[in-house]
Amino acid sequence: MAVLTIKDLHVSVEGKEILKGVNLEVKGGEIHAIMGPNGTGKSTLSSAIMGHPKYEVTRGSITLDGQNVLEMEVDERARAGLFLAMQYPSEISGVTNADFLRAAINARLGEGNEISLMKFIRKLDEKMEFLEMNPDMAHRYLNEGFSGGEKKRNEILQLMMLEPKIAILDEIDSGLDIDALKIVSKGINEMRSSEFGCLIITHYQRLLNYITPDYVHVMMQGRIVKSGGPELAQRLEAEGYDWIKKELGIEDETVEQEA
Ligand SMILES: Nc1ncnc2c1ncn2[C@@H]1O[C@H](COP(=O)(O)OP(=O)(O)OP(=O)(O)O)[C@@H](O)[C@H]1O
Ligand SMILES: [Mg+2]
């Protein structure tokens with residue numbers, strides 16, 4: 001069973017400290033949700049875990065099954081079993097979705113263990129059907145011209161194809177229509193097992209009606225300031241964040257930004 005452990009994580013972007021001591025442990029079999037106001041560092045946390053070069057870890061540690069993630073290159077992190085669905089997935093012109101997926105799977109499996117073309121196609125067909133995706137999507141350039149919702153669904157296709165140990169899904173529900181939200185949730189629920197841990201970043205309780213999280217955390221001003229069960233997400237949906245700010249004596253953010 002995989003364990004992602006984050007201890008006292010401090011992260012700066014261009015000299016400005018964004019994360020100010022994040023502690024979190026995600027184990028295989030668990031689903032965690034992180035909620036929190038805009039600009040509080042949720043995406044920064046996912047970028048730091050995946051090793052985005054702009055995000056400098058100034059203090060603290062990230063380990064996966066005891067291995068130091070901070071010492072790994074980005075591709076090593078993916079090979080070790082970490083996966084990130086980005087809030088804004090990148091478009092890659094000239095690389096088809098299918099080619100990208102096959103290369104990513106083979107990178108994960110390592111030399112000598114590559115997936116056969118037949119097996120790959122069978123798996124791809126099966127997962128695309130499960131996610132009710134148009135088969136043409138496999139042959140289009142990665143994310144190029146994909147609608148917002150198609151990009152999100154495609155991230156779940158990647159998740160199901162790559163079968164990571166720990167996945168971080170950053171606003172996987174944003175821009176999804178009601179049916180797509182159900183399909184994306186179905187995909188995540190299908191992945192649920194003791195071999196899979198998941199960190200879902202979301203603004204809305206809505207997604208959590210379909211995927212019941214084991215833990216809900218609230219991030220504010222670069223820290224996890226409160227943790228609880230699904231009832232915490234329900235209270236946030238009903239009451240917003242003011243009560244937490246009051247409870248903790250947190251001043252309002254000076255800079256807020258749009259999602
Ligand atoms: N590459 C960057 N360059 C400059 N500032 C950045 C960069 N990445 C993040 N920041 C800043 O760090 C803060 C946290 O941003 P982050 O994207 O982590 O917030 P978030 O919690 O994901 O917000 P949202 O809910 O709006 O997605 C913001 O003030 C943002 O402007
Ligand atoms: Mg974000």
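No hydrogens, no waters, no symmetry mates; every other heavy atom, side chains included, goes into these values. Read the numbers this way: they start at 1 and go in the same order the structure lists the ligands and their atoms. What you see is a predicted model, and the numbers here were worked out from it, not measured in a lab.
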Just verifying a value: how many Å separate I31 CD1 and T212 OG1, rounded to the nearest 0.5 Å? 8.5 Å
Contact with ligand 1 for M219, non-hydrogen, under 4.0 angstrom: no
Enumerate the atoms of ligand 1 whose separation from the nearest heavy atom of I18 is less than 4.0 angstrom. 11 (C), 12 (O), 13 (C), 14 (C)
Where ligand 1 meets T44 - atom numbers and elements under 4.0 angstrom, heavy-atom basis: 9 (C), 14 (C), 15 (O), 16 (P), 18 (O)
Is any side-chain heavy atom of N23 closer than 4.5 Å to one of D8? yes
For G41, is at least one N or O under 3.5 Å away from an N or O on ligand 1? yes
With a 3.5 Å distance limit and no angle check, can you tell me whether R108 reaches the backbone of E163 through a side-chain donor-acceptor pair? yes
T44 N/O/S atom closer than 2.8 Å to the Mg ion (ligand 2): no
So is there a nitrogen or oxygen of K16 less than 3.5 Å from a nitrogen or oxygen in ligand 1? no
Report yes or no: does R153 contribute a side-chain atom to a donor-acceptor pair with the main-chain N or O of A180 at less than 3.5 Å? no
Give, for atom NZ of K42 and atom CE of M35, the distance between the pair rounded to the nearest 0.5 Å. 9.5 Å
Any idea which atoms of ligand 1 are less than 4.0 Å away from a heavy-atom of Q87? 27 (O)
Out of all atoms in ligand 1, which are within 4.0 Å of some heavy atom of H203? Include the element for each. 25 (O)
Please confirm whether the backbone N or O of Q205 pairs with a side-chain atom of E237, one donor and one acceptor, at under 3.5 Å? yes
Using modelled atom types only, decide if a donor and an acceptor are shared between the side chain of K186 and the backbone of F130 within a distance under 3.5 Å. yes
Does any N or O in the side chain of K151 come within less than 3.5 Å of the main-chain N or O of G145, such that one atom is a donor and the other an acceptor? no
S43 atom OG and Q87 atom OE1 as seen from the Mg ion (ligand 2), angle to 10 degrees: 80°
Can you hop from I49 to L162 via hydrophobic side chains spaced under 4.5 Å? no
Heavy-atom distance to atom 14 (C) of ligand 1: which of S43, G39, S46, A48 wins? G39
Proximity to ligand 1 by part of N38, non-hydrogen separation under 4.0 Å: both
Part of K42 within contact of ligand 1 (heavy atoms, under 4.0 Å): both
As an exercise, identify every atom of ligand 1 less than 4.0 angstrom from a heavy atom of K54. 1 (N)
Is the Mg ion (ligand 2) under 2.8 Å from any N, O or S atom of S46? no
